[in-house]
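Take a look at the structure below.
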There are 2 protein chains.
Amino acid sequence: MSEHKELDERKKQILKSIIDDYIMTAEPIGSRTIAKKSVLGISSATIRNEMADLEEMGYLEQPHTSAGRVPSVKGYRMYVDSLMDMSVLTKDELLFIKENLEGRIDRLVDLIKQASNVISQITHYTSVATAPKISKSKIRNVQLLYMDPKRVLMILVTNEGMVKHSTIHLEGVAHPADIERVSRILNEKLAGLTVEKLNVQLIHEIQKEFGVSKDFLFSVMMDIAKTIQNENSNESEVFMNGTTNIFKYQEFTDSDKARAFFDFMQRNELINRIMLPQGEKGMIDVKIGSEIKIDEVSDFSIVTTSYSLGDYMVGTIGVIGPKRMEYPKVISAMDYITKELNKELEKMFGEENVKDD
Amino acid sequence: MSEHKELDERKKQILKSIIDDYIMTAEPIGSRTIAKKSVLGISSATIRNEMADLEEMGYLEQPHTSAGRVPSVKGYRMYVDSLMDMSVLTKDELLFIKENLEGRIDRLVDLIKQASNVISQITHYTSVATAPKISKSKIRNVQLLYMDPKRVLMILVTNEGMVKHSTIHLEGVAHPADIERVSRILNEKLAGLTVEKLNVQLIHEIQKEFGVSKDFLFSVMMDIAKTIQNENSNESEVFMNGTTNIFKYQEFTDSDKARAFFDFMQRNELINRIMLPQGEKGMIDVKIGSEIKIDEVSDFSIVTTSYSLGDYMVGTIGVIGPKRMEYPKVISAMDYITKELNKELEKMFGEENVKDD
DNA sequence: GTTAGCACTCATTCGGTTCAAGTGCTAACA
DNA sequence: TGTTAGCACTTGAACCGAATGAGTGCTAAC
């Protein structure tokens, strides 16, 4: 019974062994198993004593008296923070990632989807990604297209080449020629601006200069702002891959558990909550079970990190899997993939942004 | 033992009773159950005889000798084709559908997604919809935007107001002013055309008239065609709702079955196969178990129908659920929702198409 | 043609036994 | 004092056989 809370070296080794084993088997680990596998020339009885200590300290739990031990959240925490071996991806994995991310993808969202897809294939867990938020993005081009007397189609291209569109419903009646004229004016006046720059002054200015209807200008600008800021609302669009991987892990073969998982994965607001960017840039954030603070996923762990371009476009990618996740593997995969993704983003949009500023 | 294969009235009644019951309970149905519930003043022994006949004729099956009977695919087929009562949606359901489809949706795909969503909520099964195919659609507007010396963004608006975009990679180096000029020319020349009209002659014509680079024109046109025809390739984009409803049905609580279902639902090529438009316009197509001809879903039934606008835009919506599906309810829901959807599409795009022709 | 009655089948349930894994504790040992 | 062998004890899982009961098919009588 160590009277301080610091774990001595041997306890650490034992804890690590238990967790390594548990991650592979999902079965409670007994003292004999560790005694046999561990390099420490130590009997099972001694290990039993140590395990009792570790349980008392809160690193391990016992499903029932005659079963082996299972890691607690605190145990996993310790494991992730200071016990686990770092892992390296195999040559094949690195190649697989590169091949699937480099080059041939033109669209921002397709790239993100692909990154998510790659992560779930490499890790064998479920991966989630949120679409990038681009509130600080500049307007490259705005175009209004006459649809019918009551509707105008607004197409917006941001500096990154993202294309958004929406339909504007008119109060009055419009003529194609008018719409086209306003379209030209707006394109000229708004190009290069960020959403924040769209304000009442600007409307006045344009109105004065060109004599365009104030109401119409107002609804168009509102629409543009909404269209961009949709991306920026508290609910981002979410991409998922490998949800069925959950069935690979015995603790979720029970159909109630699986169901709970799928139900959770459909709840966008909750997914968004776990996907809030955490920590500093480039940091990989690990949350284990109850640390997530959402009851529905207290049996899971999530590993998230954010991708970005400069500081004006940000999104999050993550992995969700059982608490006994292969943390080393997931972390190294996420790290590498995020870097590749960032590189790719830089390639796609990097230079222009520098150039434009 | 009726010597002809035609079922007499009583057998039909019994078969219908059994299937009605089985749909509700998913338990094999015994002769006593039917004797008690049925209006025919007939003893269980007689029903036993009839059931034996029905089994011999292939309408029923017996999981094991001491169990009740279960409908066979042939039984369900008979039920769907001529036995079942038609159902009517409740006032609340009709209202729910109207409220969720009418008005307030601007975008084509959002409307389809919403229809799929509504179907899964009304039926409590999984619903699937394919994005509309629009190969015969006309070009309303084409625009090229200079991105950087090697890339041009092409934005295409179809007559229905669908916005598509893609990035064109250039061989040579382009100047913004050139791009803009070509953009104007193309917009003028291509507006109102269908994809099929984009051919080599047209390229020559434009080249002659404006002296634009042939290579460049060619790659832009290819891109436009590809962009529209993507929609028309053998793999449409698929929208799904209510996949987790599968857990509601006891025959799929077994996690292997659930897993098989989810695995299937991820296989786009298979979903596309079951979603091929069947039968005539407005027809509701029911396929039961093995009739689907895809092993992975031989435990399911699917009900599909297509939505359309004129004859140049078509997509399919469907429901997938257990073979013991509530066919009457699903069929009436699909029927009503498809009609609402078509009305909505007509409202969105109907008049203009007439006008443009 | 219908039905009562009965012997038979067979999946499911339930209690009890055994089994094996694992523990905690004690006592002996280095 | 820390380590270890040994042992009694706990407990979930697996196995087994009997009882249960839903349902059948068949026979014989109506």
Side-chain angles (χ1 to χ4, degrees), chain A residues 1-4 7-15 17-19 21-22 24-57 59-72 250-251 253-254, chain B residues 1-4 7-15 17-19 21-22 24-57 59-72 250-251 253-254:
Chain A
M1 275 150 246
S2 60
E3 47 288 338
H4 297 309
L7 295 180
D8 61 40
E9 198 50 38
R10 193 170 69 181
K11 283 200 173 55
K12 283 185 182 175
Q13 293 253 11
I14 291 171
L15 180 57
S17 264
I18 292 173
I19 300 186
D21 231 68
Y22 186 73
M24 300 316 291
T25 64
E27 302 286 337
I29 311 295
S31 52
R32 285 195 71 224
T33 317
I34 299 303
K36 267 185 262 170
K37 288 199 184 166
S38 177
V39 247
L40 310 152
I42 261 177
S43 81
S44 66
T46 309
I47 291 180
R48 265 202 295 288
N49 289 330
E50 295 287 47
M51 282 167 88
D53 289 354
L54 285 166
E55 181 172 359
E56 208 188 339
M57 290 186 243
Y59 294 100
L60 293 176
E61 285 166 358
Q62 221 173 354
H64 56 265
T65 41
S66 74
R69 299 315 206 284
V70 155
S72 66
Q250 42 171 131
E251 54 268 57
T253 46
D254 171 37
Chain B
M1 273 151 245
S2 59
E3 48 288 337
H4 296 309
L7 294 180
D8 61 39
E9 197 50 38
R10 194 170 71 182
K11 282 200 175 54
K12 281 185 183 175
Q13 292 254 11
I14 291 171
L15 180 56
S17 263
I18 293 173
I19 300 186
D21 229 67
Y22 186 72
M24 299 316 291
T25 65
E27 301 286 334
I29 311 296
S31 53
R32 286 195 72 226
T33 318
I34 297 303
K36 265 185 265 173
K37 287 198 185 167
S38 178
V39 248
L40 311 153
I42 259 175
S43 81
S44 66
T46 309
I47 292 179
R48 263 201 299 286
N49 288 330
E50 296 286 47
M51 282 167 87
D53 288 355
L54 285 166
E55 181 171 0
E56 209 188 336
M57 291 186 244
Y59 294 100
L60 294 177
E61 286 166 358
Q62 220 172 357
H64 55 265
T65 40
S66 74
R69 302 306 208 288
V70 155
S72 67
Q250 42 172 129
E251 56 267 57
T253 46
D254 170 37

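In what follows, every heavy atom counts, from backbone to side chain, and hydrogens, waters and symmetry copies are set aside. Protein chains get the first letters and strands the later ones, always in sequence-line order, with residue 1 at the start of each.
Atom CD1 of residue Ile47(B) and atom CZ of residue Arg69(B) lie 12.0 Å apart, to the nearest 0.5 angstrom. Here Met51(A) contributes atom CE and Ser44(A) contributes atom OG; the two are 10.0 Å apart, rounded to the nearest 0.5 Å.
No side-chain heavy atom of Ile18(B) sits under 4.5 Å from any side-chain heavy atom of Tyr59(B). Put simply, the side chain of Leu15(A) does not reach to within 4.5 Å of the side chain of Lys12(A), judged on heavy atoms. Using a 4.5 Å heavy-atom threshold, the side chains of Ser31(A) and Ile34(A) count as separate.
In this structure, Ala45(B) and Ala45(A) both approach DNA chain D, and ranking their closest nucleotides by distance from the 5' end singles out Ala45(A). Of the two residues near DNA chain C, His64(B) and Glu50(B), the one whose nearest nucleotide lies more 5' is Glu50(B).
The partner of dA29(D), taking Watson-Crick or G-U wobble pairs whose two distances both stay under 3.5 Å, is dT2(C).
Among dT23(C), dC10(C), dT24(D), the nucleotide with an atom closest to any side-chain atom of Ser31(B) is dT24(D).
One atom, CG of Asn49(A), and another, P of dG22(C), lie 17 Å apart when rounded to the nearest Å. Between Glu27(B) atom CD and dT24(D) atom C1' there is a gap of 17 Å when expressed in whole angstrom units. Atom CE of Met51(B) and atom C1' of dC26(D) are 16 Å apart (whole Å). For the pair Ile47(B) CD1 and dA4(C) P, the computed distance is 12 Å after rounding to whole Å. Here dC26(D) presents its P atom at 11 Å from CD of Glu55(B), a figure rounded to the nearest Å. Between the CD atom of Gln62(B) and the P atom of dG25(D) there is a distance of 5 Å, given to the nearest Å. To the nearest angstrom, P of dT24(D) lies 10 Å from CG of Leu60(B). Ile29(B) has its CD1 atom 15 Å from the C1' atom of dT24(D), to the nearest Å.
Within the 4.0 angstrom heavy-atom criterion, no nucleotide atom of any strand lies near Ser44(B). Among the atoms of the strands shown, only primed sugar atoms or phosphate atoms (P, OP1, OP2) are found under 4.0 Å from some heavy atom of Ala67(B). Across all strands, Thr65(B) comes closer than 4.0 Å only to sugar-phosphate atoms, never to a base (heavy-atom distances).
Look at Arg32(A) and you won't find any side-chain N or O under 4.0 angstrom from OP1 or OP2 of dT23(C). Between Arg69(A) and dG22(C) there is no side-chain N or O to OP1 or OP2 distance below 4.0 Å. Contact between the side-chain N/O atoms of Ser66(A) and the OP1/OP2 oxygens of dG12(D) is not found at any separation under 4.0 Å.
Below the 3.5 angstrom threshold, one finds no donor paired with an acceptor across the side chain of Arg48(A) and the base of dG2(D).
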